[in-house]
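Following: one structure in structure tokens, then a few remarks.
Hydrogens, waters and symmetry mates play no part in the numbers below; they use all other heavy atoms, side chains included. All chains are named by letter (A, B, ...) in the order of the sequence lines, taking the proteins before the strands, and each is independently numbered beginning at 1. All of these numbers come straight from a predicted model, not from anything done at the bench.
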Amino acid sequence: MLNFVESVQEAVAGIKDGSTVMIGGFGNAGQPFELIDALLECGATELTVVNNNAGQGDQGLALLIKEGRVKKMICSFPRQSDSWHFDAKYKAGQIELELVPQGNLAERIRAAGAGIGGFFTPTGYGTMLAEGKETRFLDGKWQVFETPIHADVALIKALKADGKGNLVYRKTARNFGPIMAAAAKHTIVQVSDIVPTGVLDPENIVTPGIFVNSIVKVAGSGLGTSTTAGKAA
Amino acid sequence: MLNFVESVQEAVAGIKDGSTVMIGGFGNAGQPFELIDALLECGATELTVVNNNAGQGDQGLALLIKEGRVKKMICSFPRQSDSWHFDAKYKAGQIELELVPQGNLAERIRAAGAGIGGFFTPTGYGTMLAEGKETRFLDGKWQVFETPIHADVALIKALKADGKGNLVYRKTARNFGPIMAAAAKHTIVQVSDIVPTGVLDPENIVTPGIFVNSIVKVAGSGLGTSTTAGKAA
Amino acid sequence: MSLTDTSIKTSETALGRDDLAKLVARDIAPGSFVNLGIGQPTLVSNYLTEEQNITLHTENGMLGMGPEAKGDEIDEDLINAGKIPVTELPGASYFHHADSFAMMRGGHLDICVLGAFQVSVTGDLANWHTGAPGAIPAVGGAMDLATGAKDVFVMMTLLTREGASKIVDACTYPVTGVGCVTRVYTDRGVFLTGPEGVTVRETFGCTLEELQELIPVPLKAASA
Amino acid sequence: MSLTDTSIKTSETALGRDDLAKLVARDIAPGSFVNLGIGQPTLVSNYLTEEQNITLHTENGMLGMGPEAKGDEIDEDLINAGKIPVTELPGASYFHHADSFAMMRGGHLDICVLGAFQVSVTGDLANWHTGAPGAIPAVGGAMDLATGAKDVFVMMTLLTREGASKIVDACTYPVTGVGCVTRVYTDRGVFLTGPEGVTVRETFGCTLEELQELIPVPLKAASA
């Protein structure tokens, strides 16, 4: 069932300790900063977080990691110049890391939403990241068996939602949003605008409302040039 | 390389005997009738055709089958009230049939375009259509191993193309077009309109031009209410 | 479990197709995403109310499908899975075939309503192929629908023209899916199927005992 | 094959980064779809001409990427894979991450240009991880890029700071992909790699013999 909620706090209130949480965004584009802040505030812990990175600077996901709420990160690129909170926890052995090539991350998330139990892909064959994984020679190439990444909750950011929960995104802020919305049991979306049903052209909807559970409007979110606090370079 | 060609005849001229040809469309919606007629005219034979159905009435794919050009059909629903040409060839043992559940057909086509060497899906488990196929218990369900369907050529219909070959479709005529465009080595598209590059909103492009090789404008094609000949109920 | 349990509902006469469609429509939870199979299940759409706020999916690439198109509304590019021209409701969306079946196969549809030749005591479904020699097999989206939705409802007459029960111990027709049917709506009663066997929720124009005589598998009455 | 074969091109001096980028740009066939990796490969975009009609892909979901955004053009929702604000060219398109990597992994990109730590004689690529103890591994899209494009070009200096050849018999760093590199552009020469070994296409500021002294694997000269 689709719910329109009044605040980001209300939107994340049901997230339980031990959940697997997908968080959209690539760099700052599409990062649901306000939802992440609310998740930090709500106190849920022992989380497995799926995101392309492992937090940057002193905000959002990085703070969640700093506060010890994240048991495990599933990501493609945890090492950035300002990912010091992850670095510290990792070196202290206080956080688990599942490193996944970015395309495998995307395809495994897509597989979860699409009801695919596993697939073979050439990416990673012969590398450290395929060690111990099943391989098979298919279509003239060695390929590696990969499994879906499911989640309890997805936190994503879109540009607009209509009354049916249909979403459109903006430019490269689309990134992981549509596939995470489909992969999670419960999808929470922050949007900059909610428009009446029928305003969005049915040809142009990127995420149909069937994949959306909670929508919260966050002023200034998704406008491209950031005016809200908490965003780093 | 992208080519804009002047006629459907020119568009299909390179299709060789023995090719695997994907043909878009579900019912009449999205059927590239004019391209199919040109394929019939060009004389290519021993074809493997991938389409949801196996031809209807006395037109298009049905005629291709009647004329003995199709060695094998890969489809989900060959039995329709007016699929008499397929029926006759099938009963005479003159055409091979690979029957595929519609969702597997779509996912296998998608896999070919996405570089996936194979995948497990619950669809078909325990049925005649999974006989002899590898099965595995994944995500709490028995699943069947399915492999990609590649093609030499795709013939599809879209509403509009721009100068970069970007495509948009119309309503349920979208169906197999986008995934076939990605799965075939050479994708030929008939459109009702070619617009200047920059006219289509980058947010709304369904098939990026990277998947398109030849575009031909067919007057009256893709307008929803048919005015061209050769379309049955 | 007892055949004399009276907690199940009964009505005085067998149900016609429209009354059965009305019953199915009534049982669909508000806000659900639903796929209605070709044939009898399509009738259900006539009885869905606006308050229910049901979104209909058609596997050829659309959510928010409206009623059948008439006259000037007919648009060749807008058809349902049965290839019938339909209409578009506000809030509709279009997507390609892989996305449409991913939606179905990924378990995002709440309910799918299908016709059937047979349903087994454990919820196996047979609805795609008679298995007759020489018959050309055709499956369409039947296997995906059977496997993908959270709940699979079957709508059918309880008996064949020859009087045989379509609820069976094991399907004799080739199956479409294994253990997938959760509920069976027939002209004579509503049945719940699953690992526990067949439970009768309602009977129409007959008692549970009379029903048991028609059906060759043990029936349980639903508890209140 | 002979070291005295003179069919390869030579220039008088080693190439700087920009000259090398110019060379790579010149070698990209008109109409190609190209992904330029983070770092040195990004320079290539400065030398692509309008007549070449190249479409740039960025794996975070865009085709038709334009130059880096400056001043008022900067839009936080429009960045490249290196998280640098970029611009949009006419005919651009946006798509989600799975579609973007499917495009790459499905072999639809003509060329991908990457930096490298090492390339082996058979085209193995090492560019993601030093393997140093305690180093936090991070892969991003490197393995997908290495595996997906029709041609993988590497741009790098031929030698490490310590003077060791980055073209090696077998990678000592953890590999990114096996047998994937087809061409290596360096400050000292252009090399073709593959099952046949290493062929030198051009040398810069050195002869083939001098190059052979720097590189611990047998070099062949390209035939005319």
(message) Please rank B/G117, B/P148, B/P202 by heavy-atom pairs under 4.5 Å with chain A and give me the top one.
(response) B/G117

(message) Quick check: do A/F119 and B/E107 have side-chain heavy atoms less than 4.5 Å from each other?
(response)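 Not touching, per the 4.5 Å side-chain cut-off.
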
(message) Surrounding NZ of B/K133 (heavy atoms of other residues, nucleotides or ligands, distance under 6.0 Å), is the total greater than 12?
(response) yes

(message) Looking at every heavy atom in both B/E203 and A/K171, which two are closest together, and how far apart are they?
(response)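 Shortest heavy-atom contact: OE2-N, 2.7 Å.
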
(message) Please find the pair of heavy atoms, one from B/G115 and one from A/P122, that lie closest to each other, and give the distance.
(response)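 Looking at all heavy atoms of both residues, the shortest contact is O-CD, 3.5 Å.
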
(request) For the pair A/F120 and B/F145, name the ring-plane relationship: parallel under 30°, tilted 30 to 60°, perpendicular over 60°. (result) perpendicular

(message) Evaluate B/D139 against A/H150 for side-chain contact (heavy atoms from CB on, under 4.5 Å), listing each step before the verdict.
(response) CA-CA 10 Å; B/D139 279 343; A/H150 296 274; 2.9 Å; yes

(message) Heavy-atom pairs under 4.5 Å with chain B - which of A/V168, A/T121, A/I116 has more of them than the others?
(response) A/I116

